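In what follows, a single structure is set out as structure tokens and then discussed.
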Amino acid sequence: MTTADRRPRVLSGIQPTSDSFHLGNYLGALRQWVALQETADAFYCVVDLHAITVEHEPKALRERSRVSAAQLLALGLDPDRSTLFVQSQVPEHPMLEWILGCETGFGEASRMTQFKDKSAKQERTTVGLFTYPVLQAADILLYQTDRVPVGEDQRQHLELTRDLAIRFNGAYGRTFNVPEPFIVSETATIKDLTEPEKKMSKSSSGPRGCLYLLDTPNQMRKKIRSAVTDSGSEVRYDPESKAGVSNLLTIYSALTGTPVEKIESEYHGKGYGDFKGDLADLVADSLEPIAKTTKEYLADTAELDRILAKGAEKARSVASRTVAKAYKKVGFYPPVSM
Ligand code: ATP
Ligand code: LTN
């Protein structure tokens with residue numbers, strides 16, 4: 001099949017590095033994942049290989065991969081309409097990564113800002129953390145991907161992926177589709193609730209700065225009510241001088257579909273207290289069902305693992321074709337079927 005006669009191919013991944021996803025993951029990426037399964041041929045991957053680039057505990061990792069998959073299903077991913085799988089069940093990912101690593105310049109990889117940030121926080125930095133973006137490029141290129149729904153922090157990795165695809169195609173003949181990032185600008189970076197100049201993050205936000213999808217409604221309300229705002233009182237969108245309030249306005253707008261200007265005028269003359277109180281209820285009410293449904297999926301791990309195994313089989317049928325092509329191009333013996 002050519003690119004012209006198939007639905008756009010979408011692929012994205014998320015790391016199982018915490019017990020719960022957060023509001024930034026949801027608004028920046030996961031909401032788009034769910035929406036795109038309607039119009040695209042979508043592949044979504046719990047990237048556990050990426051998760052061992054920082055310190056991890058084996059039992060917790062396997063459990064977190066399951067909890068991650070359960071949350072994705074609870075958010076609305078439908079295994080009949082998209083392909084959901086765990087990266088470690090598809091060995092083609094590290095197979096292609098090796099080839100792409102041999103196309104990546106050392107200087108090029110050294111410029112990745114996520115590597116610089118993450119390695120600065122580690123006592124011991126590994127080669128795996130350094131080559132993390134090459135594995136990400138393999139994740140994407142294996143599926144002949146057209147679009148990659150992610151948050152803004154992934155833009156640089158997407159650029160590298162495109163460069164590698166173009167370089168490989170130039171050297172060996174057309175092998176990979178060159179993917180485009182799919183980034184929704186309004187919610188591209190949800191900020192930390194206590195330090196609104198930083199992005200909300202599971203690894204670097206403090207417990208009050210990061211709103212987890214599996215928090216209890218009370219925890220969610222508390223976090224929103226105690227979110228840092230400025231010393232003024234006007235509910236106005238101005239990310240430069242009012243970063244905290246602007247972040248809350250972004251969240252409100254994304255969850256209701258109401259334009260920011262309309263929310264500003266609704267709260268004109270009212271203080272931050274009213275606005276935060278309403279947003280606290282809105283967030284808690286919108287997210288509460290996710291925890292309940294996640295628990296239901298986790299109550300039957302055999303069924304959950306079956307869904308994932310089926311997803312991995314489907315993913316492998318696509319990924320193995322790309323690997324076979326790339327192996328041939330670089331002059332390897334063909335992989336024997338496993
Ligand atoms: P970590 O802190 O462990 O790096 P993370 O919280 O940044 O994790 P990831 O698993 O790396 O989350 O990201 C999953 C998806 O969520 C990616 O597409 C990423 O761009 C997006 N994302 C993460 N944080 C935010 C945020 N604060 N705002 C918008 N999108 C985000
Ligand atoms: N690096 C991403 C996670 C990730 C990913 C991918 C995203 C791994 N492989 C492929 C999109 C496509 C992150 O840190 N959020």
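Everything quoted here is computed from the prediction, not taken from an experiment. Both ligands and their constituent atoms are indexed starting at 1 by order of listing.
The neighbour count for K222 NZ, taken as heavy atoms of other residues, nucleotides or ligands under 6.0 Å away, does not exceed 12.
Residues with a heavy atom under 4.0 Å from ligand 2: L11, S12, G13, Q15, V47, H50, Q114, Y132, Q136, D139, I140, V148, V150, Q154. Within 4.0 Å of ligand 1, protein heavy atoms come from I14, Q15, T17, H22, G24, N25, G28, A29, K118, V150, G151, D153, Q154, T187, A188, T189, I190, K199, M200, S201, K202, S203.
Note on residues 15-32: pairs passing salt bridge (charged side-chain N to carboxylate O under 4.0 Å, His left out), not counting sequence neighbours, are D19-R64.
Aromatic ring orientation, F106 versus F130: tilted (interplanar angle from 30° to 60°). Ring-plane geometry between Y44 and W33 is classed as parallel, the angle between the planes falling under 30 degrees on a 0 to 90 degree scale with a further cut at 60. Using bins of under 30°, 30° to 60° and over 60° for the plane-to-plane angle, the ring pair F168/F176 lands in the tilted bin.
Across all non-hydrogen atoms, the minimal contact from R147 to L36 is NH1-CD2, 4.5 Å.
Under the side-chain hydrogen bond (donor to acceptor under 3.5 Å, both in side chains) criterion, E234 pairs with R236, sequence neighbours left out.
One distance of note links CD of E266 with OH of Y252; it measures 5.5 Å at 0.5 Å rounding.
Looking at D215, D278, D285 one by one, the single match for salt bridge (Lys or Arg N to Asp or Glu O under 4.0 Å) with R221 turns out to be D285.
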